[in-house]
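Just so it is clear, the model here is predicted, and its values are computed rather than measured.
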Amino acid sequence: MKKTISFFLLFFCCALVGRAQIIDVYIFDNDGPFTNVRNSPNKGKVVDKIPVDVSASLTVEKPTNGWWRIVGECYECLTTEPQEDGSEFANVKLKGSTTGYWIHNSVIGIGTRNYGQNQKLPLRSEASKSAAVSYTLKGEQTVHPIDVKGSWVKVKTADGKGQGWLEEEWLCSNPLTTCP
């Protein structure tokens with residue numbers, strides 16, 4: 001009995017440690033009509049393009065030197081035609097790669113949820129509430145994700161002036177409205 005319990009505890013802990021850290025983001029690219037999607041990080045080949053004017057959102061994981069791997073093979077975008085399920089969003093399949101899809105952190109964003117009047121959010125030097133404050137966000141902003149560790153996301157401000165760790169609960173991946 002003790003061996004069985006120990007085995008399940010070990011299996012559960014390994015599952016938690018091995019679980020991929022994922023976050024939801026949206027396209028935040030002001031440099032042209034499309035955002036490039038590559039088949040590998042760094043100098044990978046451009047295999048698809050996401051229009052910047054469709055309010056596209058996607059799930060990413062495994063940050064590598066500024067690049068995020070797109071989870072799955074599609075993204076979601078706002079459409080003018082209602083879908084079969086009544087939704088205004090459509091899934092768009094990415095194409096052109098058999099090795100996965102990658103996107104640079106400079107063209108994806110997450111909104112902050114400091115909606116209150118004059119509400120400030122501290123960015124921390126490490127993924128901990130007790131870590132020193134490295135920068136303070138004033139007013140809601142779109143930030144670029146750099147890394148993820150547990151329930152913390154390392155972000156960089158759009159103007160490049162601030163960088164630090166923020167608890168995921170203070171982030172909103174909806175490009176069209178605020179989160180509850």
Check whether any side-chain heavy atom of [X] sits under 4.5 Å from a side-chain heavy atom of [Y], and report yes or no.
| X | Y | value |
| --- | --- | --- |
| V153 | L166 | no |
| K129 | W152 | yes |
| W67 | N42 | yes |
| V143 | K156 | no |
| Q163 | I146 | yes |
| N36 | W102 | no |
| V60 | V71 | no |
| Y101 | N39 | no |

Atom CD of E126 with >12 non-hydrogen neighbours under 6.0 angstrom | no

Can you tell me if CG on D159 sees more than 12 non-hydrogen neighbours from other groups inside 6.0 Å?
-> yes

Under 3.5 Å side-chain donor-acceptor pair for T35 and D29 | yes

Just checking, is any N or O donor in the side chain of Y75 or T59 under 3.5 Å from an acceptor N or O on the other one?
-> no

Locate the shortest heavy-atom distance separating [X] from [Y]; write the atom from each residue and the value.
| X | Y | result |
| --- | --- | --- |
| P175 | S55 | CG-O, 4.1 Å |
| I70 | C74 | CG2-O, 4.3 Å |
| C172 | T177 | SG-O, 3.9 Å |
| Y115 | E140 | CD2-OE2, 3.4 Å |
| Q21 | K149 | OE1-C, 3.8 Å |
| D147 | P63 | OD1-CG, 3.4 Å |

Point-to-point distance, once rounded to the nearest 0.5 Å, from [atom1] of [X] to [atom2] of [Y]:
| X | Y | atom1 | atom2 | result |
| --- | --- | --- | --- | --- |
| E61 | R69 | CD | CZ | 5.0 Å |
| H144 | K154 | NE2 | NZ | 15.0 Å |
| Y26 | L176 | OH | CG | 9.5 Å |
| I110 | N105 | CD1 | CG | 10.5 Å |
| L171 | D24 | CG | CG | 11.0 Å |
| R38 | H104 | CZ | NE2 | 9.5 Å |

Quick one: do [X] and [Y] end up in the same hydrophobic cluster if we chain Ile, Leu, Val, Met, Phe, Trp and Tyr together by side-chain heavy atoms under 4.5 Å apart?
| X | Y | value |
| --- | --- | --- |
| V52 | V37 | yes |
| F28 | V155 | no |
| Y135 | L121 | yes |
| V47 | W68 | yes |
| L94 | I23 | yes |

Side-chain (S173) to main-chain (V25) donor-acceptor, under 3.5 angstrom | no

Got a donor-acceptor contact below 3.5 angstrom from the S97 side chain to the G100 backbone?
-> yes

Among V107, D53, I103, V54, find the residue that satisfies the side-chain contact (heavy atoms from CB on, under 4.5 Å) test when tested with I27.
-> I103

